[in-house]
Every structure is written in C-alpha cells, then in structure tokens.
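In what follows, a structure is listed as structure tokens, so that the remarks can point back to it.
Protein chains get the first letters and strands the later ones, always in sequence-line order, with residue 1 at the start of each.
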Amino acid sequence: MLVLPVEEQLKVITSGTMQIVPLEGLKEKLAKGKPLTIKLGVDPTSPDLHLGHAVPLRKMRQFQDLGHNVTLIIGNGTALIGDPSGRDSTRPPLTSEQIEVNAQTYVEQAMKILDPDRTTVVHNGDWIKPMNLETMLSLMSKFTVARILEREDFSKRYHNQQPIALHEFIYPVLQAYDSVMIKADVEMGGNDQIFNLLAGRDLMRDEGMEPQIALTMPLLEGTDGVKKMSKSYGNYIGLTDEPADMFGKIMSIPDELVARYYRLCSTLSIDEIDAIDASFEDGTADPYALKRALGRNIVELYHGADKAVQAEEAFDALFKKHEIPDDVAEFSVEFVRNDQGLVYLPKLMVEVKLSASAGDARRLIDGGGVKINGEALAPKSYNVDPDLLDHAILQAGKRRFAKLV
RNA sequence: GGGGAUAUGGCACAGCGGCAACUGCGGCGGACUGUAAAUCCGCUCCCUCUGGGUUCCUUGGUUCGAGUCCAAGUAUCCCCA
C-alpha cells in the first residue's frame, strides 16, 4: 500500500499545514517505508464538531489515504482538567457521563471524515485514571514551571492578572504521556497545540523512545473571517448542520477565506487546490462561483450529493428569489386577545422563538425587521388582528421564520 | 502569615453623590449587495412602554438620594515571608 515515494507523500502532508517539527525527522520516518502511527487527541468537551475540528481530521484522512494508521485518543482522562490551550480562563469541569456522551457523538462525526478501517480509538482515561501518585509525580518532575509558563496562553493570563489553577499546569504533561503510551510517530493538532505536542517529544525522548513529530494545522477562521471558528463565538459551521444551513453559512464567509477553506476543508486534490490558489493570486478567480462550488463540495462531504444539490437550490430560493423556505419550524400557539380583540405580537414572537424577549421583538418591529406572510410591519404596530395571524408565516430578519399552525 | 491593588451590562474601557449608566468592539435590524467586503441609518437589561420595574461582586451602614462615601465579606492579581 505504501508505494508513494517520500517526496510525493510530503506534497500531500505539507499542504495546508502550519508547522512540522522537525521536518527532517518526518522524512526519516517516512523513508522507513512502514505505516506510521498518527495521533490526534480530542477532548470531548463539546458534543458538536465543526469545520475547525475537521481540519486536523482531514489531514489525518490524507495520512490514511497514504497508508498510515490513525489513533484517535478520546481524552476522557484529560477532560477532567480541560485543555487550557488558547483559553483565557479555566475550563469548567465536565461530568463523566457528559464526557461519554460527547465522546460517542464525536467519534460518530469524526468517522464521516476518517477511514474507520485504519482508525484506532482509545480512551486516555484508561491509563490516566488509575495512575498512582508516584507515577504522577515522576512525570511532573520532568517539566519545570518556567517551561510551562512559557506558553503564550499561560503567560498571557499571568500578565493579565487572570487566574491559573494549579491543575491546568499538568495538562501538557498528561497529553505528552499519551504519546508515550501509544508510541506515536506523529501527533497532530491545531496550531495552539504546538506546546503540548513538543512536550510529547520531550517526554518520549526521556523515556528512551524515538520522539514523535509535531504537526500542526492552522486554526480555521469562522464565518466572521476574523476569529477562530468556535462555538462560543457563534461563528462556526457544524458538521451536523442542516445541509441548507451549512451551505448558507459557507456562502457567508468572506471572499478572502475561500482559498483557505478549499485548502483546509474541501476534498479536492492538492493540484486542484493549487490551481484555485493561483487563480486568486493572479486575480482571475470568480469568488462567487468558487464559493458556491465550495459549498457544494463541503455539504456533499457531510451529507451526500443529493442534499448538496438541494441545499444550493434552497439557498437560491431564499436569498435570490426571497421565497419562504418550505421547512419552516411550526408552532401551535393560542392567540391571547386584548380588549380590542387584537393579539400582542411581541409576546407571540418570544413564544415561537423569533425573539429573546418582548422588548427585543418590539425593537425588531420598529426597525422594520418583522414580516407577516411577507408583508413588513409598520413601526409600533405591536397589536395585530388575529385573522392576519391565522396559519401565517412570521419572519424576523432575513432568515428566521416561524409558521403558526 | 504581612502589606498593597482591583471588582461596572457578551468583551474592553469611562463614570465631581441625582444614571438604565460615556465610549469602542461585538451582536441584531434596515438600505445597498453576491446572506461576501466596504458604506450609511437604527437598535442592543426586563416589562403591552410618552410610563413602570430591576441593575454596576455580596451583605450591612451613612444620606432626601449611592455604581460613586464607610464597614465587613468574597474573588483575582502584585510585593514581602
């Protein structure tokens, strides 16, 4: 299976990667001609994966396609700490049950990208939880506080006078220990993981093993085009997002990000991606067409070809023709009439989840952002005739709908 | 263990004792568009609202009135041990 020469493999492996430390070491490992063990550790802190999580997963898939093996480490042990990487505050702890549930959905979603036949899934709680204090202390003695404090996220928190809890310091130590346990050849991670990955190298060397190669992928920017994709920023594209939603979110990324998304998220070949890159470079690219094609590609990857076509059609209907989508969420509500027999709309909008509060709904109406059956409401028209609302479709802004039944 | 500093709405940063609280970012809505970017306008604690209610770490106190003053507590950071 492993027939490709080292240089050919490197072309695939280096596409889109941020750092490979050290590159020479990777070449040496590849030159042995044996399948390597590629490690990715994941903390099941959130049950939903997004395209940002998919970036390293896709790189792993490329490794698999080159004939290498992947070990996915479910961090049910390390999750007790919560990875401080890139964080500006301590993570809230999770319960074991939450972690189990999250881990399961994580693997389910990851397998949309990975090749299950070449993937091994292990739980680091298996060796972390039974660890005794002696082993623990011996591990911790291999790292110094100054070294750990070098990390940007820690030193930043330190200088910003934000708290760092003691247990957060041992996260990199435990992650490094995982590499020892599974004898990783390459550990992957987001670029914010570089410190943890290098800690793995140190510890492996300490244990007399050949140190792993650290390979990092860039952090994918979210739909706002600025901040890294993250659920808490609300700029994420979830792997389980509905096809139409996923397509729409991809369409809303800034043009500058299209080439990058192709590189990090699409299934196109390296050559095709290089060509797209080049077209952006020399200004011959058609960003709109390329973005649509990107949307199709990504939706197809996670939902299949049929859904991708439907998603694109639904997008056109909604945003080019301004049609009301046919899968609007339905609500059966009782109309509460006032003395004049009218219905107070703001309250109703809260009930059908179009608005967070009545006051918010009132402001939306005043701003001209509320429509009933496609008709915009005049400012201050908070009380409406119930006949108008009968089986009506309410719309808040451009994309939020609710159907009354 | 001793000394000092800080604590304001999603974030950042203001706030002579009369404030639902300056400003920036973010977010939402509208116009323009390719649901992009840029630009312009409006909104951004809750409430059927020309008004009412509840806020500025917590609890007490001073005061006609406190985010603003006092006391205690809590949390974080800094210096010393």
Under 3.5 Å donor-acceptor pair, Asp255(A) side-chain atoms to G34(B) base atoms: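 It does, because a donor-acceptor pair links the side chain of Asp255(A) to the base of G34(B) below 3.5 Å.
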Compile the donor-acceptor pairs under 3.5 Å between side chains in residues 271-280 of chain A and protein atoms, sequence neighbours left out, one pair per line.
| unit_1 | atom_1 | unit_2 | atom_2 | d |
| --- | --- | --- | --- | --- |
| Asp271(A) | OD1 | Lys11(A) | NZ | 2.9 |
| Glu272(A) | OE1 | Ser269(A) | N | 2.9 |
| Glu272(A) | OE1 | Ser269(A) | OG | 3.1 |
| Asp274(A) | OD1 | Arg263(A) | NH1 | 3.2 |
| Asp274(A) | OD1 | Arg263(A) | NH2 | 2.9 |
| Asp277(A) | OD2 | Arg263(A) | NH2 | 2.9 |
| Ser279(A) | OG | Ile276(A) | O | 2.7 |

Provide, to the nearest angstrom, the distance between the [atom1] atom belonging to [X] and the [atom2] atom belonging to [N].
X	N	atom1	atom2	answer
Lys371(A)	G29(B)	NZ	C1'	11 Å
Asn235(A)	G27(B)	CG	P	9 Å
Arg292(A)	U33(B)	CZ	P	18 Å
Leu377(A)	G30(B)	CG	P	13 Å
Lys291(A)	A37(B)	NZ	P	8 Å
Asp316(A)	U35(B)	CG	P	8 Å

Using the [atom1] atom in both, what is the distance from [N] to [M], to the nearest Å?
N	M	atom1	result
G24(B)	C13(B)	P	16 Å
A72(B)	C64(B)	C1'	26 Å
C11(B)	A81(B)	P	37 Å
C69(B)	C16(B)	P	9 Å
G10(B)	C22(B)	P	14 Å
G53(B)	A7(B)	P	30 Å
U76(B)	U58(B)	C1'	15 Å
C43(B)	U23(B)	P	11 Å

All side-chain hydrogen bond (donor to acceptor under 3.5 Å, both in side chains) counterparts of Thr17(A), not counting sequence neighbours: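 If we apply the side-chain hydrogen bond (donor to acceptor under 3.5 Å, both in side chains) test to Thr17(A), skipping adjacent residues, there are no hits.
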Sequence neighbours excluded, every pair satisfying salt bridge (charged side-chain N to carboxylate O under 4.0 Å, His left out) that has a member inside residues 385-398 of chain A: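 Applying salt bridge (charged side-chain N to carboxylate O under 4.0 Å, His left out) to every pair that reaches into residues 385-398 of chain A, excluding sequence neighbours, yields nothing.
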Anti or syn - C19(B), cut at 90° from 0: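 Syn for C19(B); the angle stays within 90° of 0.
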Structure string for RNA chain B in dot-bracket form, Watson-Crick and G-U at under 3.5 Å, | interchain: ((((((((.[[[..)..(....]]]((((((.......))))))(((...)))...[[[[[..)....]]]]]))))))).
Describe the nucleic acid contact of [X] in one word from base, sugar-phosphate, nothing, applying a heavy-atom distance below 4.0 Å.
X	result
Tyr288(A)	base
Ile253(A)	sugar-phosphate
Gly248(A)	base

Contact letters for nucleotides 43-52 of chain B, in which S counts primed atoms plus P, OP1 and OP2 and B counts the base, heavy atoms under 4.0 Å: SS-SSBB---
Sequence neighbours left out, what passes side-chain contact (heavy atoms from CB on, under 4.5 Å) with [X]? Give chain and number order.
X	value
Asp178(A)	Lys39(A), Ile73(A), Asn124(A), Trp127(A), Ile128(A)
Glu108(A)	Gln104(A)
Lys307(A)	Pro243(A), His303(A), Gln310(A)

Please list, pair by pair, any protein nitrogen or oxygen found under 3.5 Å from a nitrogen or oxygen in nucleotides 21-26 of chain B.
none

Parallel, tilted or perpendicular, as decided by the 30° and 60° cut-offs, for the rings of His50(A) and Tyr236(A):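 Tyr236(A) vs His50(A) ring planes: tilted.
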Modelled atom types, side-chain donor and acceptor of Thr119(A) and Gln64(A), under 3.5 Å: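 Judged by distance alone, the side chains do pair up.
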Between Gln9(A) and His68(A): side-chain donor-acceptor atoms closer than 3.5 Å: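 Indeed, the side chains of Gln9(A) and His68(A) share at least one donor-acceptor pair under 3.5 Å.
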Check ion pair Arg61(A)-Asp65(A) (N to O, under 4.0 angstrom):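 Here Arg61(A) pairs with Asp65(A) in a salt bridge, since their nearest N and O are under 4.0 Å apart.
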Considering only distance and modelled atom types, tabulate donor-acceptor pairs under 3.5 Å from the side chains of residues 329-340 of chain A, sequence neighbours left out.
| unit_1 | atom_1 | unit_2 | atom_2 | d |
| --- | --- | --- | --- | --- |
| Asn338(A) | OD1 | Gln340(A) | N | 3.0 |
| Asn338(A) | OD1 | Gly341(A) | N | 3.1 |
| Asn338(A) | OD1 | Leu342(A) | N | 2.9 |

Under 3.5 Å donor-acceptor pairs involving side-chain atoms of residues 348-356 of chain A, not counting sequence neighbours:
| unit_1 | atom_1 | unit_2 | atom_2 | d |
| --- | --- | --- | --- | --- |
| Ser355(A) | OG | Ser357(A) | N | 3.4 |
| Ser355(A) | OG | Ser357(A) | O | 2.7 |
| Ser355(A) | OG | Ala361(A) | N | 3.2 |

Pairs where residues 214-223 of chain A contributes a residue and the test side-chain hydrogen bond (donor to acceptor under 3.5 Å, both in side chains) is met, not counting sequence neighbours: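 Qualifying pairs, neighbours excluded: Asn191(A)-Thr216(A), Glu221(A)-Arg260(A).
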